[in-house]
Amino acid sequence: MDVSLDPTLGCGQAHRWRRTGEWWEGVIDNDIVRMRQTDYGAEVEGCSDMGRLMRYFRSEDDLDAIVREISERDPYVASLSEHCPGLRILKQDEWECLATYLLATNANVARIGKMVESVCDACGRDLGGRHAFPSPKDILDNAERIPSCRLGFREGRFIELARRVEDGEIDPVAISELDYEGCVRELIGIKGVGPKVADCVAIFGYGHLEAFPVDVRIQKVVEEMYGVSGSYAKVSAFGRERFGRYAGYAQEFLYHSKFIASRRTP
DNA sequence: CATCAACCTGATCA
DNA sequence: ATGATCAGGTTGA
């Protein structure tokens, strides 16, 4: 499997990966996984289920074919993939992805990571050094520790989400049966989940690669490059129609192009 | 349906 | 150093 760890794990799609020297350390389910880049792919330590790891990295995604397909619709955006070869969209755990992105509201990537790690430390199973992402029950059983995580206005939404999932009002597994539109419709009904978070969960948690999440950065790029602006619905629909079933990958390429541009311009 | 302030906190900027 | 600003948005008016 071809993969570049830096753009894949460091771009903010998953929030539990930390880089120390040449090693990336993260938590997948109940494993503390360490990875480092090799010529051909990645070296892995600590993973008890390589099949799970392959699914996590969506090893079935043929990156060249995806870029080719995007290229038929928009060669320029496809060419942006050269800035981040080996970038893969991840397939994260549904519940973890939903709960994590609920916390992402109006916070920067650094802060999201801290909130997530804090919640894991406070409520998740101790794996030895790192903690697993807590189940809804873990959160409810340790609710008194949540205030120390300093989630701010997200705290109430976070606990309510845990309660509704634990009570069966929300079923993250059942949502995986739905198509993209059904998935988003279902997610948006959750308090604290708007269109942006729903799209992120649809793509990173449920594997709907046609989702085109529009954050402030993508909003600016799309306006600059295509002159498209306006409501969330309008811009994200533009992305899906323009780039097709791999719009999510196109979104990543655009995201990284903006990153490079903004770092070059003081 | 579009617009807009308020929202917790902390990292970043002036 | 210390205060303003803003951040992978959502909500409710």
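Each chain gets a letter, A, B and so on, in the order its sequence line appears, and its residues count up from 1.
Nucleotides B:dA6 and C:dA4 are separated by 16 Å at their P atoms, to the nearest Å. Spacing of P atoms, C:dG8 relative to B:dC4, comes out at 22 Å, to the nearest Å. As rounded to the nearest Å, B:dA5 and C:dT5 have P atoms that lie 14 Å from one another. With P as the reference atom, B:dC8 and C:dT2 are 27 Å apart, rounded to whole Å.
Summarising the base pairing, B:dC8 is matched to no nucleotide, lacking a Watson-Crick or G-U wobble pair whose two defining distances lie under 3.5 Å.
The nucleotide whose nearest atom lies closest to any side-chain atom of A:Y101 is, among C:dG8, C:dT10, B:dG10, C:dG8. For A:K196, the listed nucleotide lying nearest its side chain is C:dG9; candidates were C:dG9, C:dT11, B:dT9. Of the candidates C:dT10, B:dC8, C:dG8, the closest approach to any side-chain atom of A:F153 belongs to B:dC8. Picking from C:dT11, C:dG9, B:dG10 the nucleotide with the shortest atom distance to the side chain of A:K191 gives C:dT11. With C:dA7, B:dT9, C:dG9 as the candidates, the nucleotide lying closest to the side chain of A:V216 is C:dG9.
Shortest non-hydrogen contact noted between A:N142 and A:C123 is CB-SG, 3.7 Å. The minimum heavy-atom distance between A:K196 and A:V214, with the atom names listed, is CD-O, 3.7 Å. Pairing each heavy atom of A:I70 with each of A:Y249, the nearest pair is CD1-CB, 4.0 Å.
When side chains are defined from C-beta on, A:F133 does not count as touching A:V27, because their heavy atoms never get closer than 4.5 Å. Residues A:Y246 and A:E252 form no side-chain contact, since every pair of their non-hydrogen atoms from C-beta on lies 4.5 Å or further apart.
Rounded to whole Å, atom C1' of C:dG9 lies 11 Å from atom CE of A:M115. Going from atom OH of A:Y232 over to atom C1' of C:dG8 covers 10 Å, rounded to whole Å. Separating the CD atom of A:E155 from the P atom of B:dC7 is a distance of 16 Å, rounded to the nearest angstrom. One interatomic measurement links the two molecules: CD of A:E160 to P of C:dT11, which rounds to 11 Å at whole-angstrom precision. When the C1' atom of C:dG9 is taken as reference, atom CG of A:L187 falls 15 Å away, rounded to whole Å. To the nearest angstrom, P of C:dG9 lies 11 Å from CZ of A:R217. Rounded to an integer number of Å, the gap from A:H15 NE2 to C:dG8 C1' is 7 Å. Look at OH on A:Y255: it is 6 Å from P on C:dG8, rounded to the nearest Å.
At the heavy-atom level, A:C11 lies under 4.0 Å from base atoms of the strands shown. Within 4.0 Å (heavy atoms only), A:Q219 reaches no atom of the nucleic acid at all. Among the protein residues, A:G152 comes within range of the nucleic acid bases, having at least one heavy atom under 4.0 Å from a base atom. Using a 4.0 Å heavy-atom criterion, one finds that A:P213 contacts no nucleic acid atom at all. Counting any heavy atom pair closer than 4.0 Å across all strands shown, A:G192 reaches sugar-phosphate atoms only and no base atom. Contact annotation for A:V193: backbone-only contact, meaning every heavy-atom pair under 4.0 Å involves sugar-phosphate atoms and none involves a base. Note on A:L102: nothing from the nucleic acid sits closer than 4.0 angstrom, heavy atoms only.
Looking at which nucleotide of DNA chain C each of A:I188 and A:Q13 is closest to, the 5′-most match is held by A:Q13. Each of A:N108 and A:T105 was matched to the nucleotide of DNA chain B holding its nearest heavy atom; the match closer to the 5' end belongs to A:T105.
Side-chain atoms of A:D179 and A:Y206 form no donor-acceptor pair, as typed in the model, at a separation below 3.5 Å.
The base of B:dT9 does not come close enough to the side chain of A:R150 for any donor and acceptor atom to sit less than 3.5 Å apart.
The aromatic ring centres of A:Y101 and A:H15 sit less than 6.0 Å apart.
A:R157 has no side-chain polar atom (N or O) that falls below the 4.0 Å cut-off from OP1 or OP2 of C:dT10. When the side-chain nitrogen and oxygen atoms of A:K114 are compared with OP1 and OP2 of B:dA11, one or more of them lie within a distance under 4.0 Å.
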